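Below is one structure, written out as structure tokens, with a few remarks after it.
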Amino acid sequence: MPDMDAIQAVAFAAPLAKELDENKVTPGVLGFIVFAVMAGGVWMLMKSMNRHMDMVNFEETPAQPPVAAPQSPNAESPAAPAAKRPTESEPTSAAPRGE
């Protein structure tokens, strides 16, 4: 058997619902709950983002110049070309340029 308090509460609330304008739409309790959950989620995301941003080091370290390896006196210089390569001024074939 249903509780009499619940029946009385529904009977009391029913006439109050009729007093509201039926053409007026309000978000109600469900809208407030959804908004509160979304606001809580955004707050938690911002807090997490703040923690992660604190871990990032924004100071740039200066670039170190490359260290040259010591060369033995017997080794060939890497700057010396193995074979002479033709330049743009020297033609690579007998065909004239620009045609």
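For the single chain, residues carry numbers from 1 onward in sequence order. All values below come from the heavy atoms of this structure, side chains included, with hydrogens, waters and symmetry mates left out. Just so we're clear, the structure is a prediction, and the values are computed from it rather than from any experiment.
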> Met55 and Met49: same hydrophobic cluster, using ILVMFWY side-chain contacts below 4.5 Å?
Replying inline: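 Looking at the clustering, Met49 is in a separate group from Met55.
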>> Between Val42 and Met44, is there a side-chain heavy-atom distance shorter than 4.5 Å?
In response: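 Met44 does not reach Val42 side chain to side chain.
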> For Met38, which residues count as a side chain to side chain contact (heavy atoms under 4.5 Å, CB included) partner, sequence neighbours excluded?
Replying inline: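 Result, side chain to side chain contact (heavy atoms under 4.5 Å, CB included) vs Met38: Val34.
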>> Return the CZ to CE distance between Arg51 and Met46, rounded to the nearest 0.5 Å.
In response: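 So the CZ of Arg51 and the CE of Met46 are separated by 12.5 Å.
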